[in-house]
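None of these values were measured; they are calculated from a predicted model. In what follows, every heavy atom counts, from backbone to side chain, and hydrogens, waters and symmetry copies are set aside. Each chain gets a letter, A, B and so on, in the order its sequence line appears, and its residues count up from 1.
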Protein chains: 2
Amino acid sequence: MNEPLAPDMFDELCPSALSPIRFGDKWAGMIIRCLEHGPRRFSELRIPLRGITAKVLTQSLRGLERDGLISRTAYDEAVQRVEYELTPLGRSLLGPMAVACAWAERHWEELLDAREAYETPASGFGRAG
Amino acid sequence: MNEPLAPDMFDELCPSALSPIRFGDKWAGMIIRCLEHGPRRFSELRIPLRGITAKVLTQSLRGLERDGLISRTAYDEAVQRVEYELTPLGRSLLGPMAVACAWAERHWEELLDAREAYETPASGFGRAG
DNA sequence: CGGGATCCTTCTGGATACTG
DNA sequence: CAGTATCCAGAAGGATCCCG
């Protein structure tokens, strides 16, 4: 149905790293993006969320489930299978997230500059006045 | 110039308490809202941010300054006076914040229902199946 | 008034090992 | 496979005292 998730979906160079806008906990926003195009399995989610431990992923998923943003479905098959999917409420967050992403991409340079300027206070002009 | 900030500006009943969307750290979003209509003094900010300690407010303000979202101006008068103000970059965040607030207000009921449903798993129907 | 310094508690995220 | 149980480190937030 939906293609595999790219392992480098959340690169280090991603502007979201600098964005002050956060959705839920550290991983929630990324998880929601992963579910954007359809349900995903637990182990499928671990791929783009590189290095996340099972415990932390479980925690984050439970939080999202608690807030009604995703639903969890366990299939009783030979090999255990669990799928997570966005609820309508969760899907309604995609709008605000797109706004946040657009903001971050748009102001990415300014954010970088601001940090750099803040960390180099000695450059001829100071706060004196 | 601008009217005093209402002490109950951030009520406990505020939908933002349930919203998964966060701007910066715990206080950053509220600080930005406080600066929306013009510069504010340190002690002025402490009023709506009820119970915040000086240290934490300072920390949060420094973080916002570091990210280029606000500017700090110290006036060398008899009584010490420091004002914080939104930069253009900081002001550009008001759009995404309005989107976030609209989302939270719109889905406030759903969020409440989801939490309640999650905390009362025993109600006849379960996840069985 | 607007902080800084210090100490303390809580929360978040993670490493590791184990399980149905 | 999809977790749970334990233990642990670091960061965030806060209380308290002090200062120019």
Just how far, in rounded Å, is P of dC1(C) from CD of E77(B)?
14 Å
E36(B) backbone acceptor or donor facing R91(B) side chain under 3.5 Å:
yes
Taking the six-membered ring of Y75(A) as reference, does the NZ or CZ atom of R81(A) fall below 6.0 Å from its centre and within a 45° cone about the axis?
yes
Picking from dC1(C), dG3(C), dA2(D), which would you name as closest to the side chain of V82(B)?
dG3(C)
Return the value, rounded to whole Å, for the distance between atom OH of Y75(B) and atom C1' of dC1(C).
15 Å
Side chains of S92(B) and W103(A): any donor to acceptor distance under 3.5 Å?
yes
Kindly check if the number of other-residue, nucleotide or ligand heavy atoms within 6.0 Å of CZ (R115(A)) is above 12?
yes
Is T53(B) near enough to dA15(D) that one of its side-chain N or O atoms lies under 4.0 angstrom from OP1 or OP2?
no
Protein-nucleotide distance (F42(B), atom CZ; dG3(C), atom P), rounded to Å
5 Å
From CG of L61(A) across to P of dT4(D) the rounded distance in Å is 10 Å
Between R72(B) and dG2(C), is there a side-chain N or O to OP1/OP2 distance below 4.0 Å?
no
Do Q80(A) and dG20(C) share a donor-acceptor pair, side chain to base, under 3.5 Å?
yes
Assert: residue with more 5' nearest nucleotide on DNA chain D, out of V56(B) and T58(A), is T58(A)
Y84(A) has a side chain; which of dG3(D), dC1(D), dG13(C) sits nearest to it?
dG3(D)
Write down the distance between CD (Q59(B)) and C1' (dA15(D)), rounded to a whole number of angstrom.
13 Å
For dA2(D), take OP1 and OP2 only and decide whether either is under 4.0 Å from a side-chain N or O of R41(A).
yes
OP1 or OP2 of dG4(C) under 4.0 Å from side-chain N/O of R62(B):
yes
Nucleotide of dA15(D), dG13(C), dC1(D) approaching W27(A) most closely (side-chain heavy atoms):
dG13(C)
Under 4.0 Å: is that the gap between some side-chain N or O of R46(A) and OP1 or OP2 of dC1(D)?
no
Judged by each residue's nearest nucleotide on DNA chain C, which is more toward the 5′ side, A54(A) or K26(A)?
K26(A)
Rounded distance in Å - CG (L45(B)) to P (dG2(C))
9 Å
When the distance from CD1 of I31(B) to C1' of dG13(D) is rounded to whole Å, what number comes out?
13 Å
Figure out the CD1/C1' separation between I52(B) and dA12(D), and round it to whole Å.
12 Å
Heavy-atom distance under 4.5 Å between the side chains of L61(A) and L45(A), does that happen here?
yes
